[in-house]
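All values below were derived from every heavy atom in this structure, side-chain atoms included, with hydrogens, water molecules and symmetry-related copies excluded. Just so we're on the same page: letters track the sequence lines, and every chain starts at 1.
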There are 2 protein chains.
Amino acid sequence: MQKTGQPTINDVARIAGVSKKTVSRVINKSPLLNGDTRLRVETVIADIGYIPNPQARALALRRNYLVGLVHDNPNAQTVMNVQRGMLEGLQGTEFELVVRPLNRGAQSMLSDLRYFLERQRLFGVLLMPPISENESIVQLCREIGCRYVRMCSVSLDDDAHMVASNDREAVRGAVAYLIEQGHRRIGLIAGPQGFRSATERRAGFEDALREAGLPLQRSLIAGGDYTFESGLVAAERLLDLTPRPTAIFSSSDTMAAGVMHAARARGLDIPRDLSIIGFDDTPVAAHVWPPLTTVRWPTVSMGRSAALKLISGVGEEEELVEEPSLFISTLIRRGSVAPPID
Amino acid sequence: MQKTGQPTINDVARIAGVSKKTVSRVINKSPLLNGDTRLRVETVIADIGYIPNPQARALALRRNYLVGLVHDNPNAQTVMNVQRGMLEGLQGTEFELVVRPLNRGAQSMLSDLRYFLERQRLFGVLLMPPISENESIVQLCREIGCRYVRMCSVSLDDDAHMVASNDREAVRGAVAYLIEQGHRRIGLIAGPQGFRSATERRAGFEDALREAGLPLQRSLIAGGDYTFESGLVAAERLLDLTPRPTAIFSSSDTMAAGVMHAARARGLDIPRDLSIIGFDDTPVAAHVWPPLTTVRWPTVSMGRSAALKLISGVGEEEELVEEPSLFISTLIRRGSVAPPID
DNA sequence: CCCGTACTTGACACCGGTTCCCCTAAGACC
DNA sequence: GGTCTTAGGGGAACCGGTGTCAAGTACGGG
């Protein structure tokens with residue numbers, strides 16, 4: 001009778017001898033239902049292998065069981081980690097994940113996103129940096145009534161809408177470690193202008209110097225944009241200085257790899273002649289030589305937590321575990337740091 | 001009147017003074033329509049900013065404007081590249097991308113996938129390796145009537161359902177290059193058992209030796225599973241051999257990074273004491289030191305082409321550009337190969 | 001024994017599109 | 001001028017779920 005082999009709610013209702021509505025109640029675990037009827041319907045559902053049609057439900061509910069990951073982040077590994085975390089969080093639920101990259105800085109970004117959110121009627125979205133810092137996007141989500149969680153290097157919102165990491169403190173600790181090792185001339189390769197993560201990490205760097213009573217020299221600070229090439233170029237500038245810095249903190253691992261290349265091109269040995277610390281702990285950090293000491297940014301956990309926050313309160317029976325909102329980035333000590341040989 | 005601000009097809013019909021059906025015809029570009037009416041309806045659509053509801057359409061059509069990427073591939077960068085390619089291909093269409101990772105080798109993989117495909121009524125899916133080699137999954141797609149394209153290291157199917165790369169030939173060329181440089185004892189780090197890519201790449205390796213009239217020594221072939229650690233372990237075994245191989249072809253970049261670590265731990269200089277070629281050309285290849293000579297696997301292009309194949313024939317007016325089905329992997333010469341110093 | 005109450009359940013309309021089938025009017029043909 | 005053909009467009013049902021509201025049932029209290 002059905003063109004598609006898929007049984008529908010009508011089939012279940014007919015076979016079980018109840019109304020559609022009753023079947024609907026069973027599916028949605030409505031409490032006001034006779035245990036007897038429920039059992040009968042459940043049996044039929046299991047028997048014929050009925051699966052509710054998500055499109056029909058989305059239409060009736062005016063809401064989709066779809067969670068989105070929206071980003072304009074160029075770091076594939078980071079995006080992938082967050083995505084993996086979200087998928088872990090969504091595991092076992094009826095939610096699916098949709099990924100939506102946006103063109104960084106495009107004029108049409110906001111309208112693209114609006115179109116996407118309105119069309120798909122997403123249940124919720126995770127806003128990844130740097131897009132998460134864009135207040136007008138948050139405003140858009142509120143206006144449309146789409147749940148959102150922002151991922152950021154510092155808390156910008158209330159806990160229900162944030163998964164934040166403690167970048168500033170983490171970087172402070174990393175740089176303090178360099179100072180502890182005896183370094184006094186420490187270079188910074190900062191992230192791009194206008195990025196919250198860049199600001200926070202830079203602030204952490206400055207905190208550490210201040211704490212140690214070290215002067216803050218502008219010449220020791222170079223700008224990058226988180227890419228390998230920018231790290232290489234920035235490092236060349238720092239390594240041209242006299243006296244040369246004995247250590248460099250790079251605001252991303254990828255840039256740190258660029259620093260390594262710049263150092264090698266000058267015949268410098270790492271870590272003997274130059275200590276390096278990165279940020280992110282993407283796989284490249286463990287794969288370069290020497291293995292990079294870096295700050296682990298817990299992107300997978302943040303993605304998982306964000307996903308759980310987004311869908312919290314849906315399966316009502318399950319206890320609402322309070323998801324953490326602050327994630328601690330920790331220093332991973334590998335082989336790229338040593339005391340200076342001054 | 002509407003609870004949500006979204007205008008519906010009814011609003012358009014009412015304002016334009018036509019029936020729903022006529023509006024539907026305009027949206028779907030039906031040819032049997034008076035140019036006058038069409039214009040009027042189009043004006044109203046533009047005026048009130050009407051966007052057809054994809055859920056309603058999916059329900060009526062029994063088909064979703066959703067394209068899936070299904071994989072059980074552990075290499076984040078590769079997945080990300082394919083995903084990026086697909087998004088490029090889907091750019092400007094009304095299709096969205098859904099990503100669905102599957103647990104490698106899980107007992108429930110097939111039923112998980114069936115559940116996913118039936119529920120979401122995907123328009124089509126791209127099957128990434130190694131999952132694409134699983135015939136029962138292809139069978140499932142056919143049975144459900146879900147379009148599919150397989151991505152693989154060799155063509156297993158007709159062109160409409162494949163994007164294939166020429167791994168065997170590419171590896172043959174890479175190894176021939178090593179031989180040309182003077183290498184005679186060349187080690188292979190193969191991929192995991194049962195993977196088509198592993199088989200193809202190994203076959204290419206053997207082709208090159210045979211062509212050059214070099215003996216095929218089993219001791220020079222070590223097994224890996226594409227991970228860094230497995231590459232490191234496999235390389236240790238090869239480097240323990242006497243005489244030591246002067247070059248190693250690794251079936252993945254990540255394993256090649258492991259090879260580099262193993263070589264360094266023995267005080268070997270790359271490329272003076274050991275030449276290395278990898279496969280994939282993921283970012284790590286360019287970031288390690290020395291930059292890794294590797295085979296570029298055109299994953300982004302493959303993803304784009306696959307997406308276009310999946311949705312081909314939908315927007316009927318646009319000319320059907322024939323998408324390529326075979327992608328050529330090319331050798332990228334960087335700094336990890338040199339003549340042996342024998 | 002009657003009635004109010006709480007608990008179950010069903011009928012029906014609706015979400016926003018699409019398809020099937022039919023009607024109407026204009027033009028073609030004899 | 002009448003009939004046939006054809007194109008344009010409308011009505012109603014349908015896709016498969018959900019909300020609202022009211023009806024039916026069992027139970028306890030007065």
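- Distances were taken from every side-chain heavy atom of A:R57 (C-beta onward) to each of D:dC15, D:dG11, D:dT18; the shortest belongs to D:dT18.
- In the set C:dA11, D:dT18, C:dG17, the nucleotide with an atom closest to the side chain of B:A56 is C:dG17.
- Comparing B:R40 and A:Y50 against DNA chain D, the residue whose closest nucleotide sits nearer the 5' end is B:R40.
- Separating the CD1 atom of A:I9 from the P atom of D:dG16 is a distance of 11 Å, rounded to the nearest angstrom.
- B:V18 comes within 4.0 angstrom of sugar-phosphate atoms only, judged by non-hydrogen atoms across all strands, and of no base.
- Side-chain atoms of B:N64 come within 3.5 Å of backbone N or O of B:Q120 as a donor-acceptor pair.
- As a whole-Å value, the separation of B:I45 CD1 from C:dG16 P is 16 Å.
- The CZ atom of B:R119 sits 15 Å away from the P atom of D:dG16 (whole-angstrom rounding).
- Smallest separation of non-hydrogen atoms from A:L102 and A:D72: O-CB, 3.4 Å.
- Comparing C:dG10, D:dG19, D:dG17 by their closest approach to the side chain of A:L61 singles out D:dG19.
- Here B:E88 pairs with B:R304 in a salt bridge; the nearest charged N to carboxylate O distance falls below 4.0 Å.
- Between the NZ atom of A:K21 and the P atom of D:dT20 there is a distance of 9 Å, rounded to whole Å.
- In this structure, A:Y65 does not reach the D:dG17 phosphate: none of its side-chain N or O atoms is under 4.0 Å from OP1 or OP2.
- Formation of a donor-acceptor pair under 3.5 Å by the A:R119 side chain with backbone atoms of B:E94 is found in this model.
- For the pair B:I27 CD1 and C:dT19 P, the interatomic distance rounds to 11 Å; values are reported in whole Å.
- Between A:Y65 and A:F95, the ring-plane angle classifies as parallel under the 30° and 60° cut-offs.
- One interatomic measurement links the two molecules: CG of B:N10 to P of D:dA12, which rounds to 14 Å at whole-angstrom precision.
- Rounded to an integer number of Å, the gap from CG of A:N64 to C1' of C:dG16 is 14 Å.
- Of the two residues near DNA chain D, B:R25 and B:A60, the one whose nearest nucleotide lies more 5' is B:R25.
- The shortest distance between the side-chain N/O atoms of B:S19 and the OP1/OP2 oxygens of D:dG11 is not below 4.0 Å.
- Note on B:T22: every side-chain N or O is 4.0 Å or more away from OP1 and OP2 of D:dG9.
- Listed nucleotides C:dT9, D:dG16, D:dG17 differ in distance to A:K20; the shortest reach to its side chain belongs to D:dG17.
- Contact between the side-chain N/O atoms of B:T37 and the OP1/OP2 oxygens of D:dG9 is found at a separation under 4.0 Å.
- Atom CG in B:N28 sits about 17 Å away from atom P in C:dG16, given to the nearest Å.
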